[in-house]
Amino acid sequence: MTPERLTHLQRLEAESIHIMREVVSEAERPVMLYSIGKDSAVMLHLAAKAFYPSKPPFPLLHVDTTWKFKAMYEMRERMAQTLGFDLLVHRNPEALEKGINPFDHGSATHTDMWKTEGLKQALDKYGFDAAFGGARRDEEKSRAKERVFSFRSAGHRWDPKNQRPELWKLYNARKKPDESIRVFPISNWTELDIWQYIHLEQIPIVPLYYSAVRPVVERDGTLIMVDDDRMPLRPGETPMMKSVRFRTLGCYPLTGAVESTAATLPDIIQEMLLTTTSERQGRMIDHDQAASMEKKKQEGYF
Amino acid sequence: MAHVSDLIAEDIDAYLEAHHHKTLLRFITCGSVDDGKSTLIGRLLYDSKMIFEDQMAALEADSKKVGTQGGKIDFALLVDGLAAEREQGITIDVAYRFFSTESRKFIVADTPGHEQYTRNMVTGASTADAAVILIDARRGVLTQTRRHSYLVSLLGIRNIVLAINKMDLVDWSQDRFDEILAEYREFAARIGLTGFTAIPMSALDGDNITERSDKAPWYDGPPLMRWLEEVPVGDDLAAGPFRMPVQWVNRPNLDFRGFAGQISSGSIKPGDRIRVVPSGRESRVARIVVQPRDLDQAVAGQSVTLTLTDEIDISRGDIIAAADNPPAVADQFESTLVWMDDEPMLPGRPYLLKIGAQTVTATITEPKYRVNVNTLEHTAAKRLDLNEIGVCNLSLGKPIPFEAYADNRDLGGFILIDRLTNRTVGAGMLHFALRRADNIHWQSTDIDKTARAALKGQKGRVVWFTGLSGAGKSTIANLVEKRLHAAGRHTYLLDGDNVRHGLNRDLGFTEEDRVENIRRVAEVAKLMVDAGLIVLTAFISPFRAERRMAREMMAEGEFIEVFVSTPIEEAERRDVKGLYAKARAGELKNFTGVDSPYEAPELAEITVDTTSLSPVEAAERIVAWLDEAG
């Protein structure tokens with residue numbers, strides 16, 4: 001075997017493991033953010049490999065919104081148990097008290113309160129100085145130039161003009177006590193890489209990625225699954241049973257389903273390769289305004 | 001590429017099987033906005049079907065709104081990322097793009113931008129296996145072409161394409177192509193770039209990108225995409241001697257002790273003899289541990305965990321190497337430095353150097369020369385500013401295992417970190433070790449610091465006065481020394497002005513000279529503390545970094561920083577030596593507080609405020625503090 005023969009997935013895996021080990025060696029209190037999606041599944045798998053036979057020396061943190069799909073909560077409990085991670089769940093108490101939800105308060109407020117504020121609260125509460133996230137550079141234009149080690153000032157703000165150059169495999173993790181780092185070990189993976197790796201390594205994912213007949217309503221051109229009875233139906237709306245699946249997972253009222261019959265991983269990959277709409281189209285928060293992801297990042301959203 | 005879609009549609013399993021065996025090529029594109037670089041990358045993404053329908057719709061809309069190609073689709077818009085940049089019409093950082101073909105996955109480092117060019121390009125090139133250097137066929141080999149080529153060769157990239165673009169605008173003239181090629185070949189030889197492939201193309205129209213274009217029948221080489229698919233990667237690293245920097249020691253329980261790292265060169269099998277550098281201890285590899293099962297062999301590029309047959313002490317930063325061919329160890333090197341920070345590189349100032357998995361302190365000598373990246377001329381320099389490149393010697397706080405960068409990027413490439421701001425301020429490449437490290441040892445003497453100080457009935461220490469000119473440092477230090485002397489202490493006062501008459505008379509007042517001034521004073525103070533003396537130093541010593549360097553040269557508790565605090569207005573009003581007046585009149589350059597900064601201490605042991613204390617009161621307070629500390 002020669003490096004020429006290392007496949008692209010082997011090279012990506014080795015790079016991600018290298019990054020995770022650097023963080024554990026240099027940060028004082030690392031944590032892995034867990035969103036329960038497919039990218040998070042790959043992150044967990046990589047973390048288990050990086051430190052084997054030790055357990056990964058950091059906890060998992062799920063910043064919950066209380067509006068995830070039921071199947072996601074089931075997956076969360078199962079994965080933390082199987083892989084032996086400590087699982088921390090944080091729900092923004094203020095959002096909880098005010099009953100913030102996407103129906104009454106809109107997606108922008110919902111995301112800001114539960115996710116942006118919730119994440120900042122959780123990081124401050126536990127004093128984490130490095131947080132692993134599963135963002136990829138191919139997801140969105142403003143992420144294409146994101147560093148692997150992304151520095152946040154005391155208020156968790158991201159300043160795109162003040163990021164450190166990253167050369168070779170050398171990551172500078174030094175920071176002042178009130179600063180923190182977001183680390184993206186799968187920066188160089190694409191959506192296709194993620195799916196192939198899941199297929200090759202037989203990584204468990206939330207069943208919602210596979211097609212099944214599910215109750216949905218069509219709202220503003222998007223298929224929304226009626227996952228529980230908290231969802232207020234508009235006049236004239238009745239849930240239809242359709243064969244659908246999800247390309248990304250988030251809060252169920254904000255996540256569009258696609259009609260599909262893809263019931264296996266190869267089917268999913270096939271469908272992905274043959275369809276021509278980019279991944280985040282199904283996720284409603286990016287549509288709010290042009291360059292909105294960049295704006296959210298500057299405010300502290302992942 | 002219709003047949004790929006067919007395969008996906010008809011036999012996804014066969015497609016996946018083929019795709020699992022794809023290799024990875026990382027490359028960098030070099031060229032300015034005008035050369036059509038963003039257009040080229042956009043074209044590669046487009047031709048490899050990496051643009052989705054919704055992006056295509058947005059692209060068409062944007063092309064009409066802000067495009068620069070008239071009615072045509074402006075591929076450059078696909079590549080320009082951040083909102084601020086989109087407004088300015090320029091990109092200012094490194095962006096990474098991804099696409100794949102049937103045989104390879106590609107990661108493109110796109111490093112545009114005018115201002116931060118060198119910094120960004122060096123960053124992008126550091127991880128690249130190959131480089132595509134763009135030339136506008138109308139304009140030929142320009143200054144920037146030379147700059148790109150020099151940086152590419154500096155970073156050790158050996159696979160290079162010279163993309164002679166916009167051939168449509170010179171009517172696909174073979175004469176023009178040959179002319180550019182001849183000129184470039186001559187230049188490339190000068191900088192030691194031997195092999196490169198020149199391809200005539202039009203990124204905008206897609207000629208010679210994925211398919212051979214019929215517009216240049218005289219060209220018989222590959223189109224760009226085929227070259228990218230076929231250029232060898234991984235080269236000779238697997239054939240090299242085994243090296244793995246240890247990142248993390250894996251100890252889940254008392255029975256398992258593994259050493260985790262990414263193999264930098266060579267290969268390893270259980271049973272292979274290894275040597276740990278720098279300790280020199282030897283053992284054999286017991287297991288190559290990865291999940292889900294151990295490996296029989298691992299090669300350069302893989303992240304693994306090794307266990308050994310013997311219990312030997314290994315920690316992060318050590319290198320596990322082939323026993324019969326380990327890397328050398330040294331603490332002084334010649335290197336090429338690329339400066340990346342707004343604050344200039346100052347010779348003598350201590351920085352942190354990160355190489356492999358370890359971080360050590362490093363000081364840099366005055367550059368031997370600076371390289372003009374446009375003309376490649378060598379010029380004399382006292383320091384390096386942002387985006388400047390120079391050859392300098394490095395002196396490290398401790399010896400490290402290393403290899404020349406040309407032989408191994410992991411063991412020869414380093415970054416420099418500022419100890420106060422924590423910014424990555426520079427990057428460099430080790431060339432070779434200077435022999436001095438092997439030949440000069442610290443001579444251990446039988447009578448030590450404690451013995452000398454005990455004879456004097458005191459503890460050796462440095463009382464370091466810092467403050468603005470005219471704050472009263474010398475006056476107060478003098479009073480402190482008189483009191484200590486009267487109490488039977490053995491002291492010595494090093495005064496700023498006096499030292500500049502002798503030891504430091506060759507130094508001026510530029511930032512670099514101030515750093516060197518303080519370094520020498522700190523070294524002298526250290527020897528005096530070693531002799532058991534109480535040393536008082538009275539220097540403006542305006543920079544935190546150098547005061548911290550002095551502090552770290554002494555043992556814990558030996559360095560006492562005294563901040564003589566006086567507002568600039570008050571110091572200027574006193575102006576005992578008439579210096580402020582001169583500085584304000586422009587007769588004195590680099591005067592602290594006027595046109596050179598003073599960085600006040602954050603954690604001084606003692607602060608005396610001269611607006612509320614007389615010099616005698618200040619001295620008494622300091623003496624009392626010293627008595628109390630013993």
Side-chain angles (χ1 to χ4, degrees), chain A residues 1-15 17-18 21-22 24-25 48-55 137-138 141-142 144-145 160 163-170 172 174-176 187-188 190 192-193 196 199-200 266-267 269-270 273-274 276-278 281 290-291 294-295, chain B residues 5 8-9 12-13 16 19-24 52-55 81-83 93-98 100 105 107 119 122-123 126-127 232-234 237-238 247-248 250-252 256 260 262 289-291 297 299-303 305 316 340 354 357 409-410 413-415 417 422-424 427:
Chain A
M1 191 160 51
T2 67
E4 166 73 21
R5 298 273 306 283
L6 287 184
T7 66
H8 70 294
L9 288 176
Q10 282 173 314
R11 272 182 79 176
L12 290 172
E13 180 192 70
E15 178 185 64
I17 288 175
H18 172 84
R21 289 170 174 171
E22 279 301 289
V24 162
S25 303
K49 281 197 168 191
F51 303 100
Y52 176 83
S54 291
K55 283 180 181 168
R137 284 171 173 155
D138 79 323
K141 265 200 268 185
S142 85
K145 53 191 61 183
Q163 296 291 318
R164 298 171 181 173
E166 287 178 345
L167 294 101
W168 302 292
K169 306 171 195 166
L170 296 172
N172 169 6
R174 299 178 70 84
K175 57 187 165 31
K176 303 214 166 96
S187 284
N188 286 328
T190 61
L192 178 57
D193 297 329
Q196 285 194 309
H199 180 49
L200 202 64
D267 288 350
I269 296 170
Q270 183 178 41
L273 289 169
L274 295 178
T276 50
T277 36
S278 66
Q281 190 86 323
E294 187 188 344
K295 202 160 157 282
Chain B
S5 303
I8 293 168
I12 183 68
D13 291 320
L16 285 175
H19 196 93
H20 286 153
H21 294 99
K22 280 185 187 180
T23 53
L24 174 64
F52 292 107
E53 203 169 74
D54 51 337
Q55 290 172 322
L82 298 182
D93 212 311
V94 189
Y96 297 90
R97 313 285 165 192
F98 308 85
S100 67
K105 172 191 162 106
I107 301 178
R119 174 177 125 162
V122 166
T123 302
S126 73
T127 50
V233 285
L237 275 183
Q247 273 188 286
W248 190 69
N250 192 339
R251 283 217 87 167
F256 187 93
Q262 188 173 14
V289 181
V290 298
Q291 241 191 348
Q297 190 192 16
V299 297
Q302 286 182 292
S303 284
T305 298
R316 175 170 163 84
M340 302 185 156
K354 184 169 182 186
R409 288 190 193 187
D410 292 345
F414 61 87
I415 55 171
I417 300 165
N422 290 326
R423 288 202 295 261
T424 300

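All values below come from the heavy atoms of this structure, side chains included, with hydrogens, waters and symmetry mates left out. In the text below, chain A, chain B and the rest are named by the order of the sequence lines, each starting its count at 1.
The closest donor-acceptor contact from the side chain of B/Ser303 to the backbone of A/Ala14 lies under 3.5 Å. Within the 3.5 Å criterion, the main-chain N or O of A/Ala50 finds a donor-acceptor partner in the side chain of A/Arg21. In this structure, the side chain of A/Arg164 engages the main chain of B/Asn422 through a donor-acceptor pair within 3.5 Å.
Interface residue B/Val289: only side-chain heavy atoms are found under 4.5 Å from chain A. With a 4.5 Å cut-off on non-hydrogen atoms, B/Ile415 touches chain A through its backbone and its side chain both. The contact between A/Lys49 and chain B is made by backbone and side chain atoms together, counting heavy-atom distances below 4.5 Å. Within the 4.5 angstrom heavy-atom criterion, no atom of A/Lys55 approaches chain B. B/Lys105 touches chain A through its side chain: at least one heavy atom from C-beta onward sits under 4.5 Å away, while N, CA, C and O do not.
Of the listed residues (B/Ile417, B/Thr127, B/Asp410), the one with the most heavy-atom contacts under 4.5 Å to chain A is B/Ile417. If you tally non-hydrogen atom pairs under 4.5 Å between each of A/Glu15, A/Glu166, A/Glu22 and chain B, the highest count goes to A/Glu22. Options B/Gln247, B/Lys354, B/Gln262 differ in how many heavy-atom pairs under 4.5 Å they form with chain A, and the most are formed by B/Gln247.
Aromatic rings from A/Trp168 and B/Phe414 are positioned such that their centres are separated by 6.0 Å or more.
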field: Derivation and outcome, side-chain contact (heavy atoms from CB on, under 4.5 Å), residues B/Trp248 and B/Arg316
entry: CA-CA 6 Å; B/Trp248 190 69; B/Arg316 175 170 163 84; 5.9 Å; no
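Contact check for B/Phe256 versus B/Asn250: side-chain heavy atoms found under the 4.5 Å cut-off.
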